[in-house]
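Accompanying notes for the structure given below.
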Amino acid sequence: MQLRPFSLLIICVLHCLYFSATAQPTRVREDFDRNWTFNLGNVSRAEDASFNDASWRKLNLPHDWSIELPFDSTSPTGTGGGALRGGLGWYRKTFTLPATDKGKNIFIDFDGVYCNSEVFINGHSLGVRPNGYISFRYDLTPYLKFGNEKNVIAVKVDNSQQPNSRWYSGSGIYRNVWLVKTNSIYVDNWGTYINTPSVSSTRATVNITTTLSGTGGYCDVTTAILNKEGKAVAVQTQKNLHVGALQTTRQVFSLQTPVLWSIENPYLYKAVTKVISNGKTVDEYTTPFGIRSYQFDVDKGFFLNGKKVKIVGVCNHHDLGCLGTAINTRALERQLQIMKGMGINGIRTSHNPPAPELLDLCDKMGFIVMDEAFDMWKRSKSKYDYSNDFDEWYKKDLKDQILRDRNHPSVFIWSVGNEIQEQWAKEGDTAGTAYLREMQQIVRSLDDRPTVTANNEVRSMNRLLQSGINELVGYNYHHGDWPPDSVTQKWGRKPFIVTESVSALQTRGHYDMPSDSMRIWPQRWDLPVANANPDLTCSAYENCFTPWGSSHEATLKMFLKYESISGMYVWTGFDYIGEPTPYPWPARSSYFGIVDLAGFPKDAYYLYQSLFTTQNMLHLFPHWNWQPGQVVDMWAYYNNADEVELFINGKSQGVKRKTGDELHVMWRVTYEQGRVEAVSRKDGKVIASKTIKTAGAPAKIVLQADRSAIQANGKDLSFVTVKVVDKDGNLVPDAANNIQFTIAGAGVIAGVDNGSQTSMESFKASERKTFNGLCLAVVQSTGKPGSIKLQAKSAGLAPATIDIIAK
Ligand code: GAL
C-alpha cells in the first residue's frame, strides 16, 4: 500500500499524541510456569498452605504426566486414549509478592488443565472446572499475603475416571499459566471485542467494545489502533465513564485504506486500550486484530475480501507427538509450517477449544480456523466424558470460548459440536435442538460469525440439520452427498462446508501392492481386521481407508468439482496419539495423518502440494528396494507440467499424463536393482526431476536440524531428523537401527519419535529405533545461552554430530 504524504502526516500526529500520554506499563502479565512441584497420586491435605511438598518432583509447566508413562495394554484409557494412563495428580507452587502489590487485583489464568481441576490459594478453594480444554481465571486478591510471607497455589487434577475421551487427552496443567496484576480499574478478562462490519480496500469500520471492571470512580478510555510498524493510525477517547461493577464502552473507527488480513498477507493491527483515571494511565490492554470481510455463499462457496477462496483445511487433535499435550509454541508453529508447505489454508480445532497460542499463530500465518467447542453434548460417547458435566457447564464453557477467541481474525466458523449423538433423536425428542438453540443464542449474543455442527448423519432425519438453526450446513464424510442439489434439497439454500473428510489410513513408507487393490478397514468393529497386515501397517498408496471415509484422491475429486463447497477439513493433518483404527493393541496412535506423528510427511502430502501450491514439484514413490523381478507400482504427483517420463536404469518406461480428473500417474514396472528416475516437462522442457536409487546396507547416520539457532528461553526447540543411509548417502527405506543420543551444552532432549504407530518405546528417552529409515530427536533449550552438541550413534553405523546454538 502506498501512503500519501498527508496520510503520513496524520499518522505522525496521532502517534505523538498517543505516546505522549504513555506511562509505565500498568498491568503485569507474568509467565507463571516455573518452579512448581508435582505429585502423581492423591494426597490428603495437599491444598493446605502448610503441607510439606519437599519430596515432590520439581518441574516447570506446561506438563503432561501421561506422556511420561509406559504404554500399557491394561490402561483404562484403552488404545483409543493411546494406552497411556490418566490418574490424579497435584501441583503446588509457593511464591511471594512484593509489599508494593498490596491493593492490586491479582488473578491467575489457566489456559487449560486436563481435567476436573480444583484450584486452591492458601488453602481456600477457588473453584472447580471439569472441562479439560477451556481457559479460566480465578481472582486471588482476597487471599494473598505480601512481603516476606509465602503464598501457595495448589491444583488438584483428576483424570482418573476412564475412559473419558476418544483420543489421547494428556493429563495435567498442560497449557500455560499466567499471573495478572491490575490496578483498581482495569479492562476485564477477555474485555475487548473488535469486529469489522464493513470492509473495503478504501475504508473499514472497526468497532471496539471495551468492558471495564473495578470498584468505583470515573475514568477515560483511549484506544489507539496501531499498524504493523507500531504507529498509531487512529485514536479515540471516551471521557468520564463511571465504573461500577462492569461498564461497557463502544468506539467506532473508520480507517482509510486499511491493509486487509488474508491468507497470503495475514496483516495484523493492534488496538491498545488505555484506562486513564485522575490523569494517570491505570491500565493498558493490547488486542491484536485483523481487518477482513468474508462471505459464505450457497452457490459459490467462500469469499475472503471479495475473492473466492476454497478452504483446504485439516483437522488436528491437540497432542504434539512425543511432547504429548504439553503446549509448546514452536512445536505448534512447526506443525503449521508443515501444513502450509502442502498448501493447507485451514485448521479445525477438533474437537475442542485450542491453546490460545494456536490461534495467535493462525492469525500470524494466515489460516481459516473452524473453532470447535464439543465432541458430545448430553449423550455420551465414552462413559466418563464431558456429557456428565454438560448440563451444568456447557453455557459457561461455550461463552468463555467465544469471549476468549472472538478477536482472532483467523477464526471464521464456530462449530458447536462434532458428530453429536442428538442428531439421531427420536421424532418428538427435542432435547438436542433445545441445546442447539441455546448455544446459537449464546454465540449470537457475543459474535456474528456463522455456526455449524459437524454431522455424520446426512439423511433428512438428522434432527440438528432439520432444525435449521445453524447458518452453515456441515457434513462429515459422505462425499457422494456433496453435490449442491442434494444438499439444498434437504436443508434449503444454506452454504455448505465439509467439516470432516477422508479418514484414509497410512503408515509412512509402507506399500501394499498392487496399488489399486483396496483395503477398506475395519469391516466390523467387533472382529479383527480381515487380511490385516501382521505388522499392523496400513498402505501409503491411496488404497487404505475406513468404510465411512474415502481415499484422499476420491475425496479431492468431489471437493474440486463443486464450486458450492466452501471448504473441507481433512481427517487429519497429523497422526495423533490414540484412536489407532483399524488395529487393536499394540497399535496406539492413529494412521489418519497426512504427516506421521514425528512430523515426517507420508506420500499423500505431495498430492496436496501438487494441487494447492504453485512451485514446480514432482514426487515419485515408493522407494527402490524390492525383490528382483517383483512387479512394482511407481506413482508420481506433479504440477505445472504436461507430462512425466519414468526411466529405470536409463530405459524409458513411457510418458504419462494426468487426464480427465486424474490426480496422479502410475507405471506398473518390473524391479531391477539400480536407479529409477522421473522427469516432468512443460512445453518439452524438463522442469523437475526425481531419482531414487537402490539403497545398500545401513552405513551411517545423518542428522538434519530444522533450525540450527534457537532461543535460549528454556522453551524453544530444534527438531532434528535422523536418517540412516548407505555408504553413498541413500536413505535405507526399511532401516530399523537403534540410535543412541547424547547431548551436551545448553540443551536437553525433550522427546524422541519415529512415526511408527505401534512402537512401545518411550517418547521421553535418549534413544530411538529408526522406523523405515527415520527417527526424530527434539532438542530443547535449557534456558542458558550457549552451544548444544547432539551426538547420535548406533552399533555398526558411522556416528554423527550436530551443533545447535541457543541465543
Ligand atoms: C470421525 C470423528 C473423528 C474421528 C474420525 C476417525 O467420525 O469425527 O473424531 O474419530 O471419525 O475416522
Side-chain angles (χ1 to χ4, degrees), residues 77-82 132-133 163-169 313-319 325 346-354 370-377 379-382 385-387 413 415-424 452-459 462 464-465 474-482 497-507 519-525 529 538 542 544-552 554-555 568-584 587-595 597 602 604 757:
T77 55
T79 53
Y133 299 104
N164 65 39
S165 175
R166 298 188 299 114
W167 56 88
Y168 175 68
S169 65
V314 291
C315 308
N316 278 331
H317 275 312
H318 66 307
D319 76 61
T325 58
I347 298 288
R348 174 188 187 207
T349 71
S350 37
H351 302 299
N352 43 260
M370 176 155 84
D371 195 349
E372 194 152 71
F374 305 116
D375 189 45
M376 76 295 292
W377 297 346
R379 295 194 185 182
S380 68
K381 292 187 178 174
S382 42
D385 67 20
Y386 182 75
S387 62
I413 306 164
S415 164
V416 294
N418 174 60
E419 300 189 350
I420 294 303
Q421 305 290 304
E422 282 83 348
Q423 297 169 93
W424 290 288
V452 76
T453 48
N455 297 281
N456 53 334
E457 175 57 81
V458 307
R459 289 173 299 173
N462 180 318
L464 303 181
L465 285 171
Y475 282 9
N476 284 8
Y477 308 98
H478 298 280
H479 63 298
D481 294 280
W482 298 353
I497 187 150
V498 179
T499 36
E500 187 174 316
S501 63
V502 178
S503 273
L505 303 165
Q506 296 173 335
T507 299
R519 289 147 179 79
I520 300 178
W521 289 344
Q523 290 92 345
R524 283 195 28 196
W525 281 117
V529 173
C538 291
E542 286 279 13
C544 192
F545 50 89
T546 57
W548 55 93
S550 42
S551 69
H552 290 280
T555 316
M568 74 165 177
Y569 291 89
V570 177
W571 193 266
T572 48
F574 283 79
D575 280 346
Y576 50 93
I577 305 172
E579 211 179 25
T581 308
Y583 290 122
R588 49 66 175 162
S589 60
S590 92
Y591 294 76
F592 295 114
I594 299 169
V595 174
L597 196 65
K602 304 177 189 175
Q757 287 104 347

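Counting starts at 1 for both ligands and their atoms, following the listed order. Model, not experiment: these values are computed from the prediction.
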Quick one: does any side-chain atom of Lys381 pair with a main-chain N or O of Met376 as donor and acceptor, under 3.5 Å?
no
Suppose I only count heavy atoms of Tyr477 and a 4.0 Å limit; which atoms of ligand 1 are within that range?
1 (C), 5 (C), 7 (O), 11 (O), 12 (O)
Partner of Thr581 under side chain to side chain contact (heavy atoms under 4.5 Å, CB included), chosen from Cys538, Ser590, Pro522:
Pro522
Minimum-distance protein heavy atom relative to atom 9 (O) of ligand 1
His351 NE2, 2.6 Å
Mind checking whether Thr581 contacts ligand 1 via backbone (N, CA, C, O), side chain (CB onward), both or neither, at a 4.0 Å heavy-atom cut-off?
neither
Who's the nearest protein heavy-atom neighbour of atom 6 (C) of ligand 1, and how far?
Phe592 CZ, 3.3 Å
What protein heavy atom lies closest to atom 10 (O) of ligand 1? Include the residue and the distance to one decimal.
Glu579 OE2, 2.5 Å
Does Asp575 reach the main-chain N or O of Gly593 with its side chain, forming a donor-acceptor pair under 3.5 Å?
yes
Are any of the N or O atoms of Trp548 closer than 3.5 Å to those of ligand 1?
yes
Please write down residue, atom name and distance for the protein heavy atom closest to atom 12 (O) of ligand 1.
Ser503 OG, 2.5 Å
Polar proximity ligand 1 side, Arg166 side, N/O cut 3.5 Å exclusive
yes
For the residue pair His351 and Trp167, does the interplanar ring angle fall in the parallel (under 30°), tilted (30 to 60°) or perpendicular (over 60°) class?
perpendicular
Paired with Asn418, the side chain to side chain donor-acceptor pair (under 3.5 Å) test is passed by just one of Asn476, Asn455, Thr453, namely Asn476
Quick check: do Asp375 and Asn352 have side-chain heavy atoms less than 4.5 Å from each other?
no
Chi angles and distances behind the ring-ring contact (aromatic ring centres under 6.0 Å, His included) call for His552, Trp571
CA-CA 10 Å; His552 290 280; Trp571 193 266; over 10 Å; no
Show which atoms of ligand 1 fall inside a sub-4.0 Å distance from at least one heavy-atom site of Glu419.
1 (C), 2 (C), 7 (O), 8 (O)
Starting from atom 11 (O) of ligand 1, what is the nearest protein heavy atom, named by residue and atom, and what distance separates them?
Glu500 OE2, 3.4 Å
